[in-house]
Visitor: 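The structure's right below; bear with me while I get my questions together.
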There are 2 protein chains.
Amino acid sequence: MTKLRLSEAPSSTRFESVVERLRAAVLAGEFQAGERLHEVKLTSRLGVSRTPVRAALQKLASEGLLDYTPNRGYTLREFSISEVISAYEVRAVLEGLAARLSAERGLNVSEIATLQQALRDGDDLLRNGQITDDHRAQYSRINACFHETIHGSAGSRLLNETVYLCQQVPVSSPRYIVAFEERDVRRRHDDHHRIFEAIFGREPWRAEMLMRDHVASVKSSLVRSLSSPAAIDEELQLQQGRG
Amino acid sequence: MTKLRLSEAPSSTRFESVVERLRAAVLAGEFQAGERLHEVKLTSRLGVSRTPVRAALQKLASEGLLDYTPNRGYTLREFSISEVISAYEVRAVLEGLAARLSAERGLNVSEIATLQQALRDGDDLLRNGQITDDHRAQYSRINACFHETIHGSAGSRLLNETVYLCQQVPVSSPRYIVAFEERDVRRRHDDHHRIFEAIFGREPWRAEMLMRDHVASVKSSLVRSLSSPAAIDEELQLQQGRG
DNA sequence: AGTCAAAATAATGTATACATTTATTGGAAC
DNA sequence: GTTCCAATAAATGTATACATTATTTTGACT
C-alpha cells in the first residue's frame with residue numbers, strides 16, 4: 001500500500017511539511033534570534049494558508065525552538081552559550097539514566113544485534129588510517145543508531161521524549177559530532193564498547209556513569225572548541241542565524 | 001494596568017481556557033485510556049469552535065497527555081505503572097542536575113530568602129503533633145515552592161521544561177504527595193534542609209546526590225503504596241479514568 | 001452466509017472571512 | 001519639541017465552509 005521509503009515518513013499533510021521546512025529554515029539561520037515570525041508572511045513564503053502555519057509554529061514552540069506570547073505571536077528563541085552547554089548536561093543525565101534502566105531491564109536479542117552491528121561498523125570505519133568528512137558523516141549515523149537503541153531499550157517514553165527535546169537545541173544535535181577531531185571520535189567509539197559491555201553485563205551503575213561521562217565529554221569538546229574566537233563566531237551563526 | 005490576581009494568569013484566550021478545561025477533564029478521569037477525543041464533540045461540549053479545540057489538543061499532545069496520528073486525531077494516552085514509575089526516575093536525575101547546577105552557580109539573595117522561608121514554613125507546619133489533610137495541602141505548596149526555586153536557580157530553561165514534562169505524567173505530579181504518610185513528610189522536609197545546606201555551601205556533588213535520592217524516595221513510597229491491591233485500583237483510576 | 005467493493009457518512013485537514021487585540025501613525029494640546 | 005490620545009493599520013484569535021482522508025454502511029456477487 002504505502003510506497004517504500006528510503007528514510008522517513010513522507011509528511012502526508014501540509015502541516016508536517018511546514019514544520020520540517022520551517023525548522024530547516026530556522027536551523028539554516030534564515031531568521032535572527034528574537035525575530036518575530038509573522039503568520040501571514042510565512043503564509044506567502046510557504047504557499048499555504050495560515051492554518052497549517054499556525055499549527056507548525058505551535059509545534060516548533062513546543063519543541064523549544066520558538067517563544068510564544070498570546071496575542072503577540074511567535075519569535076525565534078535566543079540560545080545563549082550557557083543554555084547550549086547546559087543542554088548537554090541535561091542530555092548527559094538523561095542518557096545516563098537510559099543506560100542504567102537498560103542495564104537493569106536487560107537487552108533483548110534484537111537490541112543486542114543492533115548494538116553489536118553498530119560497534120562493528122564503527123570498528124571498520126575507524127580501522128583505516130585517515131578519517132574523511134564522509135567517514136565522519138557515516139559515523140554520525142552509527143553513533144545515532146547506538147544511542148537510539150539504548151534509549152529505546154530503557155522502555156520509558158517520557159525519557160525518549162525528553163532526550164529528543166535536548167537534541168532540538170540547535171548546536172546540541174548529535175550531527176554536530178562531525179565538527180570534532182579524529183582522536184575524539186576514536187575515544188568516543190571506545191566509550192561505546194565499554195558502555196555496551198556494562199549494559200550487556202547488567203551493571204546499571206557502571207553503565208550510567210560511563211554514558212553520563214560519554215555525553216558530557218561532548219560538552220567538554222564543545223567548550224574547548226568555543227575557546228577559539230573563530231569557532232565562537234561559527235557556532236553563534238548556527239545558533240542565532242546570521243544576524 | 002493588569003488586574004491583581006490571586007494565583008495564575010486568567011487565560012485571556014479561548015485556546016488557553018480550553019487547554020485548562022480539557023486537562024482538568026482528563027485528570028478527573030472523564031475519558032478512558034485510549035479513548036478518542038473527537039474535535040466536533042468537544043466543540044459542542046466546550047462551547048467553542050474547532051479552531052481553539054484543535055490547538056488545545058495539539059498542546060496537550062505535546063505535553064504527553066494525548067497521542068496524535070495524522071488524519072486520525074487524538075486519543076487519551078495510556079499510562080502504564082512502569083511508565084509512571086520511570087517518570088520519577090527521570091525527574092530524579094533532572095532535579096539532581098538542577099541541584100548540582102544551582103550549587104555550582106550559587107544562589108542569589110532572593111533565592112536564599114525564598115528557600116529559607118520555605119524551610120521555616122515547613123518547620124512551623126510540622127512542629128505541631130498531628131498532621132491534618134489541610135496541613136498536607138499547605139506542605140504541598142511549600143514543597144513546590146522549594147523545588148521550583150532550585151529549578152529556577154539552575155539557570156537552564158531546557159531543564160525547567162523537561163522537569164515540567166515529568167510533572168505532567170498524571171500520578172507523578174507533586175500534589176500527590178498528600179497521599180503519603182506523616183513520617184514520609186517529615187523525612188522529606190529533613191531532606192530539604194540538607195539539600196539547602198549542600199547548595200548554599202556550594203557542594204555540587206552532594207547536592208545532586210541528595211536531591212536525586214530525595215525525589216527517588218517519592219518513587220519508593222509510591223511503589224510501596226502500590227503493593228496493596230486497593231491502592232493499585234485507586235492509582236489506576238487516577239491514571240486511566242474510571243473506565 | 002461470507003466477502004469484497006462502492007457508496008455514504010463522518011472525521012480531520014485546509015482555506016478564508018470576520019472579531020479582537022496589538023502596534024503604528026498622526027495630530028492636538030501643552 | 002514632547003506627550004498623550006485617538007484613529008488607523010496590522011497582527012493574532014476565532015468561526016466556519018469546503019477539501020481530503022478515514023470509517024462505516026450497504027448491497028451485489030460468490
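Note that this is a predicted model, so its numbers are computed, not measured. Residue numbers begin at 1 in each chain, while the letters A, B, ... track the order of the sequences.
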Visitor: Quickly work out the B:Glu35 CD to C:dA11 P distance and round it to whole Å.
Guide: 14 Å

Visitor: In whole Å, what is the span from the OH atom of B:Tyr68 to the P atom of C:dA11?
Guide: 16 Å

Visitor: From the list D:dA15, D:dT12, C:dT16, which nucleotide is the closest neighbour of the side chain of B:Ser49?
Guide: D:dA15

Visitor: Rounded to the nearest angstrom, tell me the gap between atom CZ in B:Arg54 and atom C1' in C:dT14.
Guide: 9 Å

Visitor: Could you give the CD-to-C1' distance, from A:Gln58 to C:dG13, as a whole number of Å?
Guide: 15 Å

Visitor: Rounded to whole Å, please give me the gap between CD in B:Glu16 and C1' in D:dT14.
Guide: 14 Å

Visitor: Can a donor-acceptor pair be found, under 3.5 Å and without considering hydrogens, that links the side chain of B:Gln58 to the backbone of A:Ala55?
Guide: yes

Visitor: Grab the CG-C1' distance between A:Asn71 and D:dA10 for me, whole Å please.
Guide: 13 Å

Visitor: Go through D:dG13, D:dA11, C:dT12 for me and flag the one nearest to the B:Glu39 side chain.
Guide: C:dT12

Visitor: Consider the side chain of A:Arg72, meaning its heavy atoms from C-beta on, and name the nucleotide among C:dT22, D:dT12, C:dA11 that approaches it most closely.
Guide: C:dT22

Visitor: Could you check B:Pro52 against A:Leu37 and say which one's nearest nucleotide on DNA chain D is further toward the 5' end?
Guide: A:Leu37

Visitor: Rounding to an integer number of Å, can you tell me how far A:Lys41 NZ sits from D:dA9 C1'?
Guide: 13 Å

Visitor: Among C:dT16, D:dT16, C:dT14, which nucleotide has an atom closest to any side-chain atom of B:Thr51?
Guide: D:dT16

Visitor: Using modelled atom types and a 3.5 Å cut-off, is there a donor and acceptor pairing between side-chain atoms of A:Arg36 and backbone atoms of A:Leu76?
Guide: no

Visitor: With respect to the phosphate group of D:dA15, does any side-chain polar atom (N or O) of B:Arg14 fall under 4.0 Å of OP1 or OP2?
Guide: yes

Visitor: When you compare the side chain of B:Glu30 with that of B:Arg45, does any pair of heavy atoms fall below 4.5 Å?
Guide: yes

Visitor: Atom CZ of B:Arg50 and atom C1' of D:dT20: how far apart are they, to the nearest Å?
Guide: 12 Å

Visitor: Determine whether a donor-acceptor pair (N or O, by modelled atom type, separation under 3.5 Å) exists between the side chain of A:Gln167 and the backbone of A:Tyr164.
Guide: no

Visitor: What's the closest nucleotide to the B:His38 side chain, out of D:dG13, C:dT12, C:dG13?
Guide: C:dT12

Visitor: Is it true that a side-chain atom of B:Glu104 and a backbone atom of B:Leu101 form a donor plus acceptor pair closer than 3.5 Å?
Guide: no

Visitor: Please tell me if B:Thr13 has a side-chain N or O lying less than 4.0 Å from either OP1 or OP2 of D:dT12.
Guide: no

Visitor: Could you check B:Gly73 against A:Arg36 and say which one's nearest nucleotide on DNA chain C is further toward the 5' end?
Guide: B:Gly73

